[in-house]
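Reading through the structure tokens given below for one structure.
Within every chain, numbering begins at 1; the chains are lettered A, B, ... in the order of the sequence lines, protein sequences first and strands thereafter.
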Number of protein chains: 2
Amino acid sequence: MQRLLIMKYLLTHKTHPTADDIYNELSKRMPTLSKTTVYNTLKLLAESKACLALTLDEKNIHYDGDTTLHGHFLCKECMTIIDIPINEISLNREESSDYTVDSMEISFYGRCSACQKKRM
Amino acid sequence: MQRLLIMKYLLTHKTHPTADDIYNELSKRMPTLSKTTVYNTLKLLAESKACLALTLDEKNIHYDGDTTLHGHFLCKECMTIIDIPINEISLNREESSDYTVDSMEISFYGRCSACQKKRM
DNA sequence: ATTAAAATTGTATTCATTACAACTTTGGAC
DNA sequence: GTCCAAAGTTGTAATGAATACAATTTTAAT
């Protein structure tokens with residue numbers, strides 16, 4: 001039940017919340033909710049690819065219910081995360097009129113060839 | 001002096017070390033080195049863009065002396081980080097014969113329009 | 001030689017995340 | 001309905017990377 005609420009929260013909020021954010025929101029209406037449940041569930045959902053676990057903020061893991069391919073912009077001042085549609089991404093220096101980008105990171109996750117072989 | 005050694009270490013090792021990695025290596029030859037110095041210095045270097053602070057591993061910040069545009073691949077099993085040349089990156093599902101990619105993250109960092117304005 | 005700024009150090013603290021063990025709920029077998 | 005194992009949930013305690021802080025040392029300019 002808690003899991004469903006957490007998943008629903010992710011799908012209806014595009015704010016890229018942290019585990020703590022979600023706990024604070026949901027525990028208002030469900031006072032028995034445990035922080036551990038939120039952490040466990042988010043980990044589970046991310047591992048099963050039902051959501052994304054974003055690591056761009058070095059302080060906290062942020063979660064995203066939108067699993068379609070898109071980028072993110074983190075404002076280093078207010079720490080807000082904004083979605084960047086894939087068609088707006090160029091691999092060269094990004095310069096929008098809205099915001100200034102001073103660095104980018106492109107990360108891939110999976111299993112390397114060595115670990116791949118070990119599995120067989 | 002310590003700063004120079006740390007910077008030199010980053011430039012001569014393409015292993016994307018963590019602060020701890022660097023401390024462990026350098027303290028062999030410089031037993032008085034402090035962990036705090038390593039953390040402070042890496043933070044400083046990254047802020048001044050002399051190196052990159054990679055956040056793709058949610059457990060540790062990894063540092064990269066190579067500031068040219070390139071991507072990274074993190075093996076979830078052995079936690080090794082491999083460089084991905086920019087010309088090998090396609091924004092569609094990445095499938096190499098060497099390794100399997102099951103997710104990717106494209107992150108931009110800077111200041112949003114609201115925070116931009118506040119500064120003036 | 002003096003001295004202020006910069007760099008370095010060690011210890012103590014913070015805080016997000018995880019480990020763990022206990023407890024509760026769920027849903028199928030009978 | 002009752003029983004029971006598996007799955008889900010909870011609270012507390014532990015972990016560990018990163019930072020705060022205050023003290024000490026080094027640097028370099030005058």
Rounded to the nearest 0.5 angstrom, the CE-CE distance for B:Met1 and B:Met30 is 6.5 Å
When the distance from CD of A:Gln2 to C1' of C:dC23 is rounded to whole Å, what number comes out? 13 Å
How close or far is atom P of C:dA6 from atom CG of B:Leu44, stated in whole angstroms? 12 Å
Stepwise salt bridge (Lys or Arg N to Asp or Glu O under 4.0 Å) test for A:Arg111 and B:Asp102: CA-CA 8 Å; A:Arg111 241 161 273 277; B:Asp102 45 54; 5.4 Å; no
With B for base contact, S for sugar-phosphate-only contact and - for none (protein heavy atoms under 4.0 Å), nucleotides 15-20 of chain C reads -SBBBB
Full working for side-chain hydrogen bond (donor to acceptor under 3.5 Å, both in side chains) between B:Asp20 and B:Thr18: CA-CA 5 Å; B:Asp20 225 57; B:Thr18 64; 5.7 Å; no
Criterion side-chain contact (heavy atoms from CB on, under 4.5 Å) on A:His70 and A:Ile89, from CA distance to verdict: CA-CA 9 Å; A:His70 64 286; A:Ile89 293 177; over 6 Å; no
For chain A and DNA chain D, what are the first and last nucleotides along the strand, 5' to 3', with at least one atom under 4.0 angstrom from a heavy atom of the protein chain? D:dG8 to D:dT19
Test item: side-chain donor near acceptor, B:His16 and B:Asp57, under 3.5 Å: no
Taking it one step at a time, do B:Asp21 and B:His13 satisfy side-chain hydrogen bond (donor to acceptor under 3.5 Å, both in side chains)? CA-CA 11 Å; B:Asp21 292 337; B:His13 295 79; over 6 Å; no
For residues B:Ala19 and B:Val38, report the shortest heavy-atom separation together with the two atoms involved. O-CG1, 3.5 Å
Residue-level proximity of residues 48-55 of chain A to DNA chain D when a heavy atom falls under 4.0 Å: none
